[in-house]
Visitor: 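Have a look at this one before I ask anything.
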Protein chains: 2
Amino acid sequence: MATGRTHRPATRSRGIPEATVARLPLYLRALTALSERSVPTVSSEELAAAAGVNSAKLRKDFSYLGSYGTRGVGYDVEYLVYQISRELGLTQDWPVVIVGIGNLGAALANYGGFASRGFRVAALIDADPTMAGKPVAGIPVQHTDELESIIEDNGVSIGVIATPAGAAQQVCDRLVAAGITSILNFAPTVLSVPDGVDVRKVDLSIELQILAFHEQRKAGEEAAAEGAVPAAAASRKQSSHEGPDGDVPAVMPA
Amino acid sequence: MATGRTHRPATRSRGIPEATVARLPLYLRALTALSERSVPTVSSEELAAAAGVNSAKLRKDFSYLGSYGTRGVGYDVEYLVYQISRELGLTQDWPVVIVGIGNLGAALANYGGFASRGFRVAALIDADPTMAGKPVAGIPVQHTDELESIIEDNGVSIGVIATPAGAAQQVCDRLVAAGITSILNFAPTVLSVPDGVDVRKVDLSIELQILAFHEQRKAGEEAAAEGAVPAAAASRKQSSHEGPDGDVPAVMPA
DNA sequence: TCATGTGAATCGATTCACAGCT
DNA sequence: AGCTGTGAATCGATTCACATGA
């Protein structure tokens, strides 16, 4: 990721590994569910199962936060909810702006789990002047011209980009210039940002392509496992399309 | 391997690291852009910059696919587009079903970059009977009852879950039972699936929480860096809310 | 001469396995 | 007796640095 990995004084005692940080929200979600069912304590084994990881990893992850468990017993659910929330910075609330109120932007604005956990949609911004004032998810859309003042006035530090690819870098530059230091990018573009600005991307198309890779590999293995039977290789999977080589590259390798 | 491929030492397909697979779509996107501008060749340095990675990593990644470059020159753009497309399984088309046509599901159905690269929305499925027949993105929504027959009839192997969290596992189970072996999950739930089924998740809330973690850390460091100046620590960032400890856990550690 | 391709070194994350505490 | 917390071992991914070949 384009995380500004520059001059960090290193050896910060708050040296929580990135992989661990990425799992904390998962633990938090599982713990919140337990909390709602008034479960008082949970073992690493149970919680790990609920979060979909293995227990050794979970214990190691928690060990970076401190010793919050009780040997022989497990973890106190409420206490852990609080500690993880605090570690993630969810005990304060984070105003967020969404830029690009098309289908996706509107869906994000309507997404409930948003506001629930420390995040608040401070503004919706779109370049289309005919959208200005129109409410989406109960929030009036504002024009891009207002971007800088909105961010300044609301002390926004997290921005969500849901524009078309072509506009993303430009929007990103304006967000950064206006003081945004964390960006969640839904546009299929590589954003370049100065050091100190974090970017995370969510890319449907990339996810599908990764799935397709594995899917293809499964199909190949299945065919290979079919062994002696040469024809009738397809059980159910692909039905359309001819062979995988309908089309040959124009240029051959050197 | 079913591919009637020409040369190629083969047996390599097995060894592509997951981290490399996850970057191939990124390279492909950058290469496609170059291809559209009729750029004939590109160096690892240039392509890496376009994809937002460093060149050593890119070369290593490509080395898993084979030796597709020319020393002293670089990579042939068209040829590489083809090789990566084939490696990712994008030379065939993949029918996809989207289950859960709410705001998000509809946005996904409308997402263009979908169809462009080897994926085709074969069906939209929703549990709400009043939606049945209503077209979204030009495709009529079908009722969940039809799920199994849709998947079977269209040879679908990739499913997208965009339902509320509560319905996700149930939908997942039905998809898997019907023959789906790859799932892209947008619901904030840990799905459990049998071996052989791939799940990837996209979770807005998790991404925001990860950003909040880093954002909080930046704010802390900034305050620390402010050093001697004790008050007036905030430059512009947070403006609302008091300190991070407004609220204390009900339960103390053991 | 130049950029690829790749062993070797490094770094980070996961897993193992058990000591230490309740 | 049982579960956490953590060193040590392992595994995978990244980076380095240079030999290789166009």
Side-chain angles (χ1 to χ4, degrees), chain A residues 1-3 5-6 8 10-24 26-27 31 34 39-77 79-80 83-84 87 210 251-254, chain B residues 8-9 12 14-24 26-27 31 34 39-77 79-80 83-84 210 251-254:
Chain A
M1 196 121 307
T3 305
R5 171 69 0 104
T6 19
R8 185 129 295 151
T11 7
R12 200 95 310 244
S13 61
R14 268 288 170 272
I16 302 181
E18 194 52 39
T20 295
V21 172
R23 281 187 295 266
L24 292 180
L26 227 49
Y27 301 144
L31 284 162
L34 291 171
V39 175
T41 63
V42 67
S43 69
S44 63
E45 201 69 56
E46 293 164 326
L47 183 55
V53 304
N54 76 51
S55 65
K57 196 186 296 190
L58 178 142
R59 287 200 304 279
K60 181 67 96 178
D61 284 341
F62 285 179
S63 80
Y64 294 117
L65 309 184
S67 289
Y68 293 152
T70 306
R71 290 168 204 246
V73 177
Y75 300 92
D76 182 283
V77 171
Y79 184 65
L80 206 43
Q83 289 300 341
I84 295 178
E87 200 66 62
I210 295 169
V251 182
M252 287 305 286
Chain B
R8 187 122 106 83
R12 187 56 111 229
R14 223 318 138 35
I16 302 182
E18 194 52 39
T20 294
V21 172
R23 282 187 295 267
L24 292 180
L26 226 51
Y27 301 144
L31 285 162
L34 292 171
V39 176
T41 62
V42 68
S43 69
S44 63
E45 202 69 57
E46 294 165 324
L47 183 54
V53 303
N54 76 51
S55 64
K57 195 186 295 189
L58 178 142
R59 288 199 304 278
K60 181 66 97 181
D61 283 341
F62 285 179
S63 80
Y64 295 116
L65 308 184
S67 289
Y68 292 152
T70 306
R71 291 169 202 246
V73 177
Y75 300 92
D76 181 283
V77 171
Y79 185 64
L80 206 43
Q83 289 300 340
I84 295 178
I210 295 169
V251 183
M252 287 306 285

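Labels below follow one simple rule: chain letters A, B, ... track the order of the sequence lines, proteins then strands, and each chain is numbered from 1. All values below come from the heavy atoms of this structure, side chains included, with hydrogens, waters and symmetry mates left out. Note that this is a predicted model, so its numbers are computed, not measured.
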Visitor: Taking only residues two or more places apart in sequence or in another chain, which ones pass side-chain contact (heavy atoms from CB on, under 4.5 Å) with A/Pro17?
Guide: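 If we apply the side-chain contact (heavy atoms from CB on, under 4.5 Å) test to A/Pro17, skipping adjacent residues, the hits are A/Thr20, A/Tyr64.
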Visitor: Which atoms of nucleotides 18-22 of chain C (N or O only) lie under 3.5 Å from a protein N or O atom, and what are those distances?
Guide:
residue: C/dG20; atom: N3; partner: A/Arg71; partner atom: NH1; Å: 3.2
residue: C/dT22; atom: O4'; partner: A/Arg71; partner atom: O; Å: 3.1

Visitor: Does any non-hydrogen side-chain atom of A/Thr70 lie less than 4.5 Å from one of A/Thr41?
Guide: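 A/Thr41 vs A/Thr70: side chains apart.
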Visitor: It should be established whether B/Ser44 places a side-chain nitrogen or oxygen under 4.0 Å from OP1 or OP2 of nucleotide C/dT4.
Guide: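 For C/dT4, OP1 or OP2 has a side-chain N or O of B/Ser44 closer than 4.0 Å.
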Visitor: Holding to side-chain hydrogen bond (donor to acceptor under 3.5 Å, both in side chains), I want the full list of residues that pass it with A/Ser43, two or more places apart in sequence or in another chain.
Guide: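 Partners of A/Ser43 under the side-chain hydrogen bond (donor to acceptor under 3.5 Å, both in side chains) test: A/Glu46.
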Visitor: If I take atom CD in residue B/Glu46 and atom P in nucleotide C/dC2, what distance separates them, rounded to the nearest angstrom?
Guide: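 Checked: the CD to P distance equals 14 Å.
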Visitor: Please enumerate all residues that pass side-chain contact (heavy atoms from CB on, under 4.5 Å) together with B/Ser55, with sequence neighbours excluded.
Guide: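 B/Ser55 satisfies side-chain contact (heavy atoms from CB on, under 4.5 Å) with B/Ser44, B/Glu45, B/Ala48, B/Arg59 only.
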Visitor: Can you tell me how far P of D/dG5 sits from CG of A/Leu47, to the nearest Å?
Guide: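 So the CG-P distance, A/Leu47 to D/dG5, works out to 12 Å.
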Visitor: Across the strands shown, which category fits B/Tyr75 at heavy-atom distances under 4.0 angstrom: base, sugar-phosphate, nothing?
Guide: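 Answer is sugar-phosphate: B/Tyr75 comes under 4.0 Å of backbone atoms only.
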Visitor: Nearest 0.5 angstrom please: B/Leu58 CG to B/Leu47 CG, how far?
Guide: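 So the gap between those two atoms works out to 5.0 Å.
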Visitor: Does the protein touch nucleotides 7-15 of chain C at the base, only the backbone, or not at all? Give it as B, S and - per nucleotide, heavy atoms under 4.0 Å.
Guide: BB----SSB
Visitor: State which residues pass ring pair (Phe, Tyr, Trp, His ring centres under 6.0 Å) with B/Phe62; sequence neighbours excluded, sorted by chain then number.
Guide: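 For B/Phe62, the residues satisfying ring pair (Phe, Tyr, Trp, His ring centres under 6.0 Å) (neighbours in sequence not counted) are B/Tyr27, B/Tyr75.
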Visitor: Do A/Leu65 and A/Gln83 come within less than 4.5 Å of each other through their side chains, counting heavy atoms only?
Guide: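 No. Closest side-chain heavy atoms not under 4.5 Å.
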